[in-house]
Amino acid sequence: MNHAARTQAASDEHLIHEAEKIAVALGRMFPGLCEVVLHDLRDPQHAIRTIENNLSGRQVGDSATELGLARIADPDYPSVLQNYPNQFPDGRPAKSTSIGIKNTRGEYIAALCLNLDVSVLSPVTLALANLVATDSEHPDHPLESLRDRNARELRQTVEALAAERAGTPRSLSRADKKALVRQLHSDGYFHSRDAAQTIADLLGVSRATVYNYTK
């Protein structure tokens with residue numbers, strides 16, 4: 001082996017060694033969920049260099065998959081195949097991503113593959129969907145607001161409703177004030193402590209009048 005070949009081999013080995021760190025780190029981030037395999041495509045008969053979270057039953061030193069062989073045969077083969085359906089030997093469904101790694105000469109020398117066990121996640125997904133599901137009987141009109149209806153928000157709302165009627169809260173007619181109070185009552189503002197008195201002050205009427213407007 002001449003000097004150039006030795007230099008290239010050393011460069012390739014360094015690249016694969018760095019990819020091996022990524023494979024181990026990814027596997028340890030998703031224990032029991034995602035199998036991470038690093039294939040050394042320089043030796044397709046013994047391609048598996050690292051395997052974390054072994055879900056497929058393969059071993060270090062096992063041969064390359066069809067994707068690995070395809071990349072060896074064709075440097076123009078897609079470098080990334082994302083989220084394609086797959087299956088473990090025991091029939092469990094998987095979602096896979098395969099990332100080809102090229103050297104400085106543009107040759108595929110390795111592939112990093114992630115195989116996510118979706119059979120574990122499917123029941124969790126269903127449980128979460130049931131957990132966050134809401135009754136669709138009132139889709140457009142929430143029964144309550146979880147926000148604090150504080151005085152500042154109430155004042156802003158009253159002023160905005162008055163502006164819609166082309167006036168200030170105190171300048172509104174009796175009919176407009178009554179309509180405004182009924183809208184505030186319908187929107188749940190009266191559940192806040194001292195809301196009636198705040199509305200009365202803004203409209204320039206008594207607290208008793210505000211309550212009468214809600215009827």
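Quick note: numbers below take in every heavy atom, side chains included, and nothing from hydrogens, waters or symmetry partners.
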Test side-chain contact (heavy atoms from CB on, under 4.5 Å) on K177 and Y213 and set out the steps. CA-CA 8 Å; K177 288 180 179 179; Y213 284 167; 3.9 Å; yes
Point-to-point distance, once rounded to the nearest 0.5 Å, from CG of L154 to CG of L202: 6.5 Å
Hey, is the main chain of A47 close enough, under 3.5 Å, to the side chain of D43 for a donor-acceptor pair? no
Are Y84 and Y77 connected in the hydrophobic side-chain network, where two residues link if heavy atoms are under 4.5 Å apart? yes
Can you find a heavy atom in the side chain of R105 that is under 4.5 Å from one in the side chain of Q8? yes
Within one Ile-Leu-Val-Met-Phe-Trp-Tyr cluster: V24 and I22, side-chain cutoff 4.5 Å: no
When every non-hydrogen atom of P89 is compared with those of S56, the smallest separation belongs to CG-O, 3.3 Å
Hydrophobic clustering (ILVMFWY, side-chain heavy atoms < 4.5 Å, transitive) - are I101 and V60 grouped together? no
List the steps and the verdict of side-chain contact (heavy atoms from CB on, under 4.5 Å) for L69 and E66. CA-CA 5 Å; L69 297 177; E66 294 85 349; 5.7 Å; no
Does NZ or CZ of K102 come closer than 6.0 Å to the centre of the six-membered ring of Y108, within 45° of the ring's axis? yes
Tightest non-hydrogen contact, residues G167 and L172, listed as CA-CD2, 4.4 Å
Could you please spell out the steps behind the side chain to side chain donor-acceptor pair (under 3.5 Å) verdict for T168 and R170? CA-CA 6 Å; T168 63; R170 287 177 174 264; over 6 Å; no
Is atom CZ of R174 surrounded by more than 12 heavy atoms (other residues, nucleotides or ligands) closer than 6.0 Å? no
Do L15 and L41 belong to the same hydrophobic cluster, where Ile, Leu, Val, Met, Phe, Trp and Tyr are linked whenever their side-chain heavy atoms lie under 4.5 Å apart, directly or via other members? no
Apply the side-chain contact (heavy atoms from CB on, under 4.5 Å) test between I48 and each candidate in V37, T65, D40; give the one that qualifies. V37
Counting only heavy atoms not in K95, do more than 12 fall under 6.0 Å of its NZ? no
For N53, all residues meeting side chain to side chain donor-acceptor pair (under 3.5 Å), sequence neighbours excluded: none
Rounded to the nearest 0.5 angstrom, the CZ-OG distance for R165 and S171 is 11.5 Å
If the threshold is 4.0 Å, N to carboxylate O, is there a salt bridge linking R92 and D117? yes
Using the rule given for side chain to side chain donor-acceptor pair (under 3.5 Å), can you reason through Q45 versus S63, listing the C-alpha separation, both sets of side-chain angles and the distance that settles it, and then say yes or no? CA-CA 4 Å; Q45 295 302 316; S63 60; 5.7 Å; no
Under-4.0 Å salt bridge between K21 and E52: no
If you round to the nearest 0.5 Å, how far is CG of N115 from SG of C34? 6.5 Å
Say whether, by atom type as modelled, one donor and one acceptor occur between the side chain of D201 and the main chain of T198 under 3.5 angstrom. no
Show which residues join F88 in its hydrophobic cluster (side-chain heavy-atom contacts under 4.5 Å, direct or indirect), or state none. L55
List the steps, then state whether side-chain contact (heavy atoms from CB on, under 4.5 Å) holds for L184 with I199. CA-CA 9 Å; L184 292 172; I199 295 169; 3.7 Å; yes
Identify the heavy atoms of A9 and R42 that sit nearest to each other, and give their distance. O-NH1, 4.0 Å
Mind checking the CD-CG spacing from Q82 to L114? Nearest 0.5 Å is all I need. 9.0 Å
Tell me if a side-chain donor or acceptor on T7 pairs with a main-chain N or O of H3 at a distance below 3.5 Å. yes
To the nearest 0.5 Å, atom CG of L26 lies from atom OG1 of T50 at 12.0 Å
Please tabulate, one pair per line, all N/O donor-acceptor pairs under 3.5 Å involving side-chain atoms of residues 203-211, not counting sequence neighbours.
residue: S206; atom: OG; partner: T209; partner atom: N; Å: 3.1
residue: S206; atom: OG; partner: T209; partner atom: OG1; Å: 2.8

Answer yes if L38 and I51 sit in the same cluster of Ile, Leu, Val, Met, Phe, Trp and Tyr residues linked by side chain heavy atoms under 4.5 Å apart, and no otherwise. no
Between G57 and N54, the two heavy atoms sitting closest are N-OD1, 2.8 Å
Might you work through the side chain to side chain donor-acceptor pair (under 3.5 Å) test for R71 and S98, ending with a clear yes or no? CA-CA 11 Å; R71 286 193 171 111; S98 177; 2.7 Å; yes
Within a strict 4.5 Å, meaning less than it, do heavy atoms of the V158 and L180 side chains meet? yes
Any idea which heavy atoms bring T214 and H185 closest together, and the distance? CG2-CD2, 3.9 Å
If you compare all heavy atoms of S11 against all heavy atoms of T104, which two are closest, and at what distance to 0.1 Å? OG-CG2, 4.5 Å
For the atom pair CD1 (I109) and CD1 (I72), what is the distance rounded to the nearest 0.5 Å? 11.5 Å
